[in-house]
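Below, each value reflects all heavy atoms present in this structure, side chains not excepted, and no hydrogens, waters or symmetry copies. Sequence lines set the chain letters: A, B, ... in the order given, protein chains first and strands last, and positions in each chain run from 1.
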Number of protein chains: 2
Amino acid sequence: MKSKITLKELAKLLNVSVSTVSKALHDSPEISPKTAERVKELAKLHNYRPNPVAVNLKRSKTGTIGVVIPNISNSFFARVLSGIEAQAQEKNQQVITYISNESIERERQICDMLTSGLVDGVLIAVSEETQKKQEYDHLFSLVDYDIPLVLYDRINIDIPADKVGVDDEKSFFDATNYFISRGVKNIGLASAIHHVGIGKLRIKGYEKALAGENEQHLACSTVPEELRKKIKSLLTKDKVQALLCTDFESTILATRIAYEENIQVPSQLKLIGYIGREVAEFLTPSLSYIEQHPVEVGSKAMEILNNRLEGNYKPGQFKESIIATSLVHLESTKF
Amino acid sequence: MKSKITLKELAKLLNVSVSTVSKALHDSPEISPKTAERVKELAKLHNYRPNPVAVNLKRSKTGTIGVVIPNISNSFFARVLSGIEAQAQEKNQQVITYISNESIERERQICDMLTSGLVDGVLIAVSEETQKKQEYDHLFSLVDYDIPLVLYDRINIDIPADKVGVDDEKSFFDATNYFISRGVKNIGLASAIHHVGIGKLRIKGYEKALAGENEQHLACSTVPEELRKKIKSLLTKDKVQALLCTDFESTILATRIAYEENIQVPSQLKLIGYIGREVAEFLTPSLSYIEQHPVEVGSKAMEILNNRLEGNYKPGQFKESIIATSLVHLESTKF
DNA sequence: CTGAAAGCGCTTACAG
DNA sequence: CTGAAAGCGCTTACAG
């Protein structure tokens, strides 16, 4: 039950003023070595730690940053968070986590809270709904309140803020070219996120790589049963020899359909998915995937936010940083 | 650029005192309806919101709670967090997230921070290392500082705190009995977490169900290659007809080895794993699993913490709440 | 070298 | 009904 000791109590015990104690603990040159030592000794004895709330009030800052996550079950975002947290830890900042569950309504509530002065800055990946509706008023309200804002991952939004993204387009451009260079003829693409920004970019990369020379084979739908039908058609009718999947759902669906249709991966069908390592390497056969380096996305976002907070960037000019993906080959792309 | 307006500024604009403004905004009966209205109107116009840091200092609380997570890539913990966050949101509390990465050293640092008064209470699942070493001094220091503490998931620790767990033992007892009742003879168990609390409990459930009547078939190792060998031996030499897996790693390894050894699931081998739905239902064949209801673990932990904070529990007496698991049958246990 | 004072932004007993 | 004062726990210019 060592209830926290305050400066005032320390001062009384030492028979000096609160100011003296405070200065001594901050190694102020104003204080004599002797009293400085006395103060520090007693402070250590009582394990004194300044009340962070009081310090923050005095400094007019909070020492915390807010992170908005659309969906924490998505391991990409979970790992982004871990990158953010690691970075914050080094800088002794606290991370307040908010989960929007892909809902714009919830996102609005969160942004509303955030403008009340709970945090020094905000990292956000906007919800799918927000992207669909393209309503960004709540984000602009953060900007209006001068709360530094960094968008991560879902950055295809016209708003004056720093951004950290993933090179979605290039990842699929490269992956498609990988197959082209190996002489694969029918290359298909499956997507359950064709309607959102990152989905569009990945599809664009695929289309650019094909560049009219090869026929496109697309299976896109947000409805699982629809998507299943379309992928099945790609595999059995179009007989694609390679399939790129833009997201977890389509990836898993594709491996599933191949299994059901008795199509051997990788001998008859090469597969590349957009999923995390934890799952990719444990599928049967193990699945080649595009690694997005989520931890780096998180730490980069945090780094940019801190630079912004420390005034290292010019106001009105914004950073946009893109983290390179890598194509990790496991069994499903063996030739 | 609407920089935040303060009570003082509001007061000046209205030509009243700060106290009057504060009271008016809190619907104090001391204030005349007329001024109350004037104040509220201007407050709304300027979108006034009390500075939470100041309010917290005044109230001597922080309005935030700290959550310590061993490993956020584990979807169980990610979903626990989402349960916590949802509950916190309703109560208008902030959730500060810390990730220990299963390291006791990091956990100590976190607990040290937490004793400085950053949060009103703490929810923690201790790291594996902490469990192994059984060093809980840092947890006791939270207790010493009178910071309410709720352990979740990993609760097999002798410490005066509230706890929310999962009925690990019963889950495996029931699962094993499920097979026994169907006349399955050789029932095996695979584990990569046999050395930690929850692993031990699951194994215990299995052993109790077998109760000497049936032979045990255990494959346990923390070394992937070791575990692989042992599971393979279970499947090919012991020829188990059913296999229970205590964790993600052993579950995936088992499906993998069955595939490689050309053992058909579920006709030749029934499988039950301890993994999340997202992955379970997308494996091939889909994998029956034990659902732990992580979101409920999180919201229950939060509920207990809030009750504790509100003084609804007797000091010195602690709650222990167990969330029931359910066995979800997918393809891998079809008879 | 030390301490009194002001102030961060708020709330609330108390006086008028 | 309104406002001055004290105080939450701290920091820091300023006076002595």
Side-chain angles (χ1 to χ4, degrees), chain A residues 2-40 42-43 46-64 92 113 115-120 145-146, chain B residues 2-40 42-43 46-64 92 113 115-120 145-146:
Chain A
K2 359 170 183 169
S3 68
K4 295 185 51 53
I5 193 166
T6 65
L7 271 195
K8 207 203 252 181
E9 290 161 334
L10 233 34
K12 199 185 298 172
L13 289 173
L14 289 161
N15 262 318
V16 294
S17 74
V18 169
S19 1
T20 301
V21 177
S22 176
K23 284 176 195 160
L25 293 174
H26 286 89
D27 292 313
S28 160
E30 287 184 28
I31 301 297
S32 79
K34 238 192 344 204
T35 43
E37 203 180 334
R38 274 183 64 218
V39 170
K40 285 183 181 175
L42 193 73
H46 288 273
N47 195 18
Y48 169 77
R49 321 261 271 303
N51 177 331
V53 177
V55 174
N56 289 336
L57 177 60
K58 187 66 198 167
R59 295 210 195 298
S60 317
K61 56 164 211 104
T62 66
T64 78
N92 229 292
M113 298 205 55
T115 54
S116 80
L118 278 163
V119 298
D120 295 333
Y145 273 100
D146 272 334
Chain B
K2 359 170 180 166
S3 66
K4 297 184 51 53
I5 194 167
T6 65
L7 271 193
K8 207 204 252 182
E9 291 162 334
L10 232 37
K12 198 186 298 172
L13 288 173
L14 289 161
N15 262 318
V16 294
S17 74
V18 170
S19 3
T20 302
V21 177
S22 176
K23 285 175 194 161
L25 294 175
H26 287 87
D27 292 315
S28 159
E30 289 185 25
I31 302 297
S32 79
K34 234 187 353 200
T35 44
E37 202 180 338
R38 272 183 67 218
V39 171
K40 286 185 179 175
L42 194 72
H46 287 273
N47 195 18
Y48 168 77
R49 321 262 269 306
N51 178 331
V53 177
V55 175
N56 288 336
L57 178 59
K58 187 67 197 165
R59 295 208 195 298
S60 318
K61 54 164 213 108
T62 65
T64 77
N92 229 292
M113 299 205 55
T115 54
S116 80
L118 277 162
V119 298
D120 295 333
Y145 274 101
D146 272 335

Evaluate T62(A) against N56(A) for side chain to side chain donor-acceptor pair (under 3.5 Å), listing each step before the verdict. CA-CA 5 Å; T62(A) 66; N56(A) 289 336; 6.0 Å; no

Using a 4.0 Å heavy-atom cut-off, does [X] contact any base of the nucleic acid, only the sugar-phosphate backbone, or nothing at all?
X	result
T35(B)	sugar-phosphate
P33(B)	sugar-phosphate
S32(A)	sugar-phosphate
V53(B)	nothing
T6(B)	sugar-phosphate

Return the minimal non-hydrogen interatomic distance between [X] and [Y], and the atom names on each side.
X	Y	answer
R38(A)	L14(A)	NH2-O, 2.8 Å
P50(B)	V55(B)	CB-CG2, 3.9 Å
V53(A)	N51(A)	N-OD1, 2.8 Å
A36(B)	A24(B)	CA-CB, 4.0 Å

Need to verify one output field. Residue with the more 5' nearest nucleotide on DNA chain D, A54(B) or A36(B)? A36(B)

Using only atom types and a distance under 3.5 Å, with no angle test, would you say the side chain of E9(A) pairs donor to acceptor with the backbone of T6(A)?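 Checking the backbone N and O of T6(A) against the side chain of E9(A), a donor-acceptor pair under 3.5 Å is found.
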
Distance-only, no hydrogens or angles: does the T64(A) side chain make a donor-acceptor pair with backbone N or O of L118(A) under 3.5 Å?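 Side chain of T64(A) to backbone of L118(A): a pair is present.
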
M113(B) vs N92(A) side-chain heavy atoms within contact, under 4.5 Å: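 Side chain of M113(B) against side chain of N92(A), heavy atoms only: contact under 4.5 Å found.
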
Is any side-chain heavy atom of L42(B) closer than 4.5 Å to a side-chain heavy atom of L10(B)? yes

Is there a side chain to side chain contact (heavy atoms under 4.5 Å, CB included) between V21(A) and Y48(A)? Walk through the geometry before answering. CA-CA 11 Å; V21(A) 177; Y48(A) 169 77; over 6 Å; no

Intra- and inter-strand pairs of DNA chain D in dot-bracket (Watson-Crick or G-U wobble, both distances under 3.5 Å; | for another strand): |||.||||||||.|||

Taking any atom under 4.0 angstrom from a heavy atom of chain A, which nucleotides of DNA chain C are the first and last to qualify, 5' to 3'?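 Footprint of chain A along DNA chain C, 5' to 3': dC1(C) to dG9(C).
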
Using side chain to side chain contact (heavy atoms under 4.5 Å, CB included), reason through N47(A) and T115(B) one step at a time and then give a plain yes or no. CA-CA 10 Å; N47(A) 195 18; T115(B) 54; 5.5 Å; no

Pick the P atom in dC1(C) and in dC10(D), then give their distance to the nearest Å.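 Each nucleotide's P atom is 25 Å from the other's.
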
Considering only the P atoms, how many Å lie between dG7(C) and dA4(D), rounded to the nearest integer?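 Those two atoms are separated by 15 Å.
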
Among residues 57-64 of chain A, which contact DNA chain C at a heavy-atom distance under 4.0 Å? L57(A), K58(A)

